[in-house]
Trainee: 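Right, I'll just put the structure down here and ask away after.
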Amino acid sequence: MKMLESALEEIKRGVSEIIDEKRVALLLKNYFEKGEEYFVKAGFDPTAPDLHLGHTVLLQKMSLFQKYGATVQFIIGDFTGMIGDPTGKNETRKKLDRQTVIKNAKSYEEQVFKILDPKKTEILFNSSWIEKLGSSGMLELTTTFNVARMLEREDFEKRYKSGASISISEFLYPLLQGYDSVAIKSDIEMGGTDQKFNLLMGRHLQRAYSVGKEQAVVMMPLLEGLDGVNKMSKSLGNYIGVTDAPNDMFGKILSISDDLMWRYYELLSSLSISQIESLKQKVDSGVIHPKVAKENLAIEIVTRYHGDNEAADAKKEFEKVHSKNQLPSDIAEFEAQDSKWIAQALVDCGLEPSTSQARRDIKQNAVSVNQKKISDQQLQLDSGEYILQVGKRKFAKLKVK
RNA sequence: GGUGAGAUACUCAAGUGGCCAACGAGGGCAGACUGUAAAUCUGCUGGUUUUUACCUUCGAAGGUUCGAAUCCUUCUCUCACCA
């Protein structure tokens, strides 16, 4: 009984909301007492196989469920991906061809299995059952819900009230995602808090289709991105990807604000809540410098995705570049045949988007050549080797023949 | 189908014939200060080695004009009301 309680506590850590918690408790109870297994579902967009730490909040929780008897149903929304989860911006997308879908799925596997247990994970494609629905099945699906309730979805409601356009196809998205739960008979569905409406749709449809159970819903908070304000997302560029190089990963974690660090600790670290709490007290009372706490977090996360040695190296590299102000050990190299105008060189090395921008940055003392700030916009680089730097973190090496 | 309103840079949003590469805000980038944190202050934020210049841009295509983001025509899209 104690095990059950502590397992439940562990599962509830960091979650933002559980709907039908009794059911979750029951599933765990049956596992501990009778060894019964159950299914935990989560859906992913087929077009973005670049997972970032925001996704891992969800994945880590799913891996915990695996520890307690769950088989994860990892759904790749290759059909729903054609619609795109309504945001008001995206238009209907082209259906991805089979090859791309499979390629993306492979890429998902590589990333996901750093966290999930492959033996307890099924990778499923929702086109495989949605396409079987046919037009009459699709029609039937639409009869289970009405427009007034659909407009309760926050996103739709806002757009409807403000007079923005809503495409009919967008209404299909929640229905189809919910239908996934009917097709695979999931016991629990997981998702971000922004998915609440869609997740509840799964319960509704399981009832409507008499599946014989209604999935519980476990919602994880959305991890804030590097800016500390918006949710972590690739399109906003405020993300830490699980495939980011160790140095990048380390640097990005160090760059988050102190406040945000605790949020990351809570949602990403494997330290227990009480360990985090005592760490926080030590930082507050000045026993531990906040930067040290942040470094430890960075090391933990880099270790998880790259290993001990890489994490240690990343830390050394970081200190070298930023604390001691030395050059990074790994700088992209470029070659040029003739002597080159500095602004053009910066563009060619990918440090600046245009020569105009390069000129502006030179004017602002943002550009260094061989560790020295330059101010001459007309500078020519004659034959030799140069270390070019823009701002604090963009470096390149250029050899001029 | 009818009537009316609208579409400006990453986002919001000014500008209704020349002073417009286009006010302002947010965001972003950079500098100072730091712990590559936060906060604060400052500068920049279409492109181009003619840089107090030139070229391209205000939904699309044409037109009027010495000159158009601004006026006219057609088209595309969005919204509101009516049906």
Side-chain angles (χ1 to χ4, degrees), chain A residues 87-92 156 158-168 170 224-231 233-240 244 246-265 280 283-284 286-299 302 314-328 336 338-348 350-369 372-382 388-395:
Chain A
T87 61
K89 277 182 186 168
N90 43 14
E91 295 162 12
T92 308
F156 286 143
K158 266 195 207 148
R159 281 156 68 191
Y160 186 65
K161 278 188 179 158
S162 73
S165 81
I166 302 172
S167 153
I168 301 272
E170 293 180 75
E224 289 83 357
L226 299 174
D227 52 30
V229 180
N230 297 303
K231 69 168 181 172
S233 86
K234 202 183 172 190
S235 53
L236 291 175
N238 61 357
Y239 70 102
I240 303 174
D244 279 1
N247 291 341
D248 289 343
M249 204 180 255
F250 195 95
K252 282 182 184 174
I253 295 167
L254 259 290
S255 79
I256 64 174
S257 72
D258 290 359
D259 289 340
L260 191 59
M261 164 171 78
W262 299 114
R263 180 83 169 146
Y264 278 34
Y265 257 113
K280 189 165 193 299
V283 169
D284 287 346
V287 179
I288 294 179
H289 194 285
K291 196 192 168 204
V292 173
K294 209 180 285 177
E295 277 173 350
N296 290 341
L297 177 68
I299 287 171
V302 175
K315 185 179 180 220
K316 274 184 215 150
E317 179 74 9
F318 183 85
E319 281 168 358
K320 184 178 161 193
V321 177
H322 300 290
S323 307
K324 299 179 187 159
N325 233 345
Q326 294 172 349
L327 295 171
D338 283 316
S339 85
K340 209 160 229 196
W341 176 39
I342 178 67
Q344 191 60 50
L346 292 169
V347 174
D348 291 348
L351 302 183
E352 293 281 17
S354 68
T355 55
S356 294
Q357 182 63 44
R359 279 164 172 276
R360 282 194 287 268
D361 281 339
I362 291 168
K363 206 192 271 176
Q364 293 190 105
N365 275 330
V367 177
S368 303
V369 174
K372 281 195 187 129
K373 297 273 182 197
I374 58 159
S375 53
D376 179 13
Q377 292 179 25
Q378 302 302 327
L379 185 69
Q380 290 290 332
L381 301 178
D382 298 322
L388 307 175
Q389 179 181 1
V390 177
K392 282 177 190 150
R393 52 185 97 175
K394 283 181 279 186
F395 295 90

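Every chain is numbered from 1 and lettered A, B, ... according to where its sequence line falls, protein lines coming before strand lines. No hydrogens, no waters, no symmetry mates; every other heavy atom, side chains included, goes into these values.
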Trainee: Searching all strands shown, indicate the nucleotide that pairs with B:U52 (Watson-Crick or G-U wobble; both distances under 3.5 Å).
Mentor: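 Because no pair has both required distances under 3.5 Å, B:U52 counts as unpaired.
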Trainee: Is there a side-chain contact between A:V367 and A:L388 in this structure, where contact means two heavy atoms from C-beta onward sitting under 4.5 Å apart?
Mentor: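 Side-chain contact under 4.5 Å: no.
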Trainee: Indicate yes or no: at least one non-hydrogen side-chain atom of A:K291 is less than 4.5 angstrom from one of A:E295.
Mentor: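 Heavy-atom side-chain distance check passes, below 4.5 Å.
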Trainee: Determine the contact category for A:Q377: base if any of its heavy atoms lies under 4.0 Å from a base atom, sugar-phosphate if only primed atoms, P, OP1 or OP2 are that close, otherwise nothing.
Mentor: nothing
Trainee: Does the structure show a Watson-Crick or G-U wobble partner for B:G1, both distances under 3.5 Å? Name it, or say none.
Mentor: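 Per the H-bond distance test, B:C82.
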Trainee: Using a 4.0 Å heavy-atom cut-off, does A:K363 contact any base of the nucleic acid, only the sugar-phosphate backbone, or nothing at all?
Mentor: nothing
Trainee: Only pairs with both distances under 3.5 Å count, Watson-Crick or wobble alike; so what is the partner of B:C71 in this structure?
Mentor: B:G63
Trainee: Taking the same atom, C1', in B:A69 and in B:G17, what whole-Å distance lies between them?
Mentor: 11 Å
Trainee: Considering every strand and a 4.0 Å limit on heavy-atom distances, what is the contact class for A:G237: base, sugar-phosphate, or nothing?
Mentor: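 A:G237: no heavy atom of the nucleic acid under 4.0 Å.
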Trainee: Could you please name the partner base of B:C44, counting Watson-Crick and G-U wobble pairs only when both distances are under 3.5 Å?
Mentor: B:G28
Trainee: Please give the distance between the C1' atoms of B:C72 and B:G24 as a whole number of Å.
Mentor: 31 Å
Trainee: Counting only Watson-Crick pairs (N1-N3 plus N6-O4 or O6-N4) and G-U wobbles (N1-O2, O6-N3), all under 3.5 Å, who is the partner of B:C23?
Mentor: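 Because no pair has both required distances under 3.5 Å, B:C23 counts as unpaired.
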Trainee: Searching all strands shown, indicate the nucleotide that pairs with B:C77 (Watson-Crick or G-U wobble; both distances under 3.5 Å).
Mentor: B:G6
Trainee: Want to settle it: does A:H322 or A:V390 sit nearer the 5' end of RNA chain B, counting the closest nucleotide to each?
Mentor: A:V390
Trainee: Rounded to the Å, how far apart are A:R359 CZ and B:A53 C1'?
Mentor: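 My rounded result for the distance is 11 Å.
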Trainee: Contact class for A:I256 (heavy atom, under 4.0 Å): base, sugar-phosphate, or nothing?
Mentor: sugar-phosphate
Trainee: Which nucleotide in the set B:U49, B:G35, B:C33 lies at the smallest distance from any side-chain heavy atom of A:K294?
Mentor: B:G35
Trainee: B:U36 phosphate, OP1 or OP2: any side-chain N/O from A:K291 under 4.0 angstrom?
Mentor: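 For B:U36, OP1/OP2 do have a side-chain N/O of A:K291 under 4.0 Å.
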Trainee: Taking NZ in A:K158 as the centre, count heavy atoms belonging to other residues, nucleotides or ligands within less than 6.0 Å. Is the count above 12?
Mentor: no
Trainee: Base, sugar-phosphate, or nothing for A:D258, non-hydrogen atoms under 4.0 angstrom?
Mentor: base
Trainee: Less than 4.0 angstrom between a side-chain N/O of A:K373 and OP1 or OP2 of B:G31, yes or no?
Mentor: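 Yes, A:K373 has a side-chain N/O under 4.0 Å of OP1/OP2 on B:G31.
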Trainee: Nucleotides 40-47 of chain B: which of its N/O atoms have a protein N/O under 3.5 Å away?
Mentor:
{"residue": "B:G43", "atom": "N2", "partner": "A:Q364", "partner atom": "OE1", "Å": "3.0"}
{"residue": "B:G43", "atom": "N2", "partner": "A:Q364", "partner atom": "NE2", "Å": "3.3"}
{"residue": "B:G43", "atom": "N3", "partner": "A:Q364", "partner atom": "OE1", "Å": "2.7"}
{"residue": "B:C44", "atom": "O2'", "partner": "A:R360", "partner atom": "NE", "Å": "3.4"}
{"residue": "B:G47", "atom": "OP1", "partner": "A:S354", "partner atom": "OG", "Å": "2.9"}
{"residue": "B:G47", "atom": "OP2", "partner": "A:R360", "partner atom": "NH2", "Å": "2.9"}

Trainee: For B:G6 versus B:C71, give the span between their P atoms, rounded off to a whole number of Å.
Mentor: 10 Å
Trainee: Show the numbers, then the answer: is there a side chain to side chain contact (heavy atoms under 4.5 Å, CB included) between A:Y264 and A:K294?
Mentor: CA-CA 10 Å; A:Y264 278 34; A:K294 209 180 285 177; over 6 Å; no
Trainee: Please give the nucleotide sitting opposite B:A38 as a Watson-Crick or G-U wobble pair, both distances under 3.5 Å, or none.
Mentor: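 B:A38 is paired with nothing.
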Trainee: Sort me out a list of protein N/O and nucleotides 76-80 of chain B N/O pairs below 3.5 Å, or just none if empty.
Mentor:
{"residue": "B:C79", "atom": "OP1", "partner": "A:S165", "partner atom": "N", "Å": "3.1"}
{"residue": "B:C79", "atom": "O3'", "partner": "A:G163", "partner atom": "O", "Å": "3.2"}

Trainee: Can you see whether A:F250 has A:K316 sitting over its ring - NZ or CZ less than 6.0 Å from the centre and within 45° of the normal?
Mentor: no
Trainee: Please work out whether the ring planes of A:Y265 and A:W262 are parallel, tilted or perpendicular, with thresholds of 30° and 60°.
Mentor: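 It falls in the parallel class, under 30°.
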Trainee: Which residues pass the salt bridge (charged side-chain N to carboxylate O under 4.0 Å, His left out) test with A:K320, not counting sequence neighbours?
Mentor: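 A:K320 satisfies salt bridge (charged side-chain N to carboxylate O under 4.0 Å, His left out) with no residue once adjacent residues are dropped.
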Trainee: For A:I342 and A:N365, find the nucleotide of RNA chain B closest to each by heavy atoms; which residue's nucleotide sits nearer the 5' end?
Mentor: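 Closer to the 5' end of RNA chain B: A:N365.
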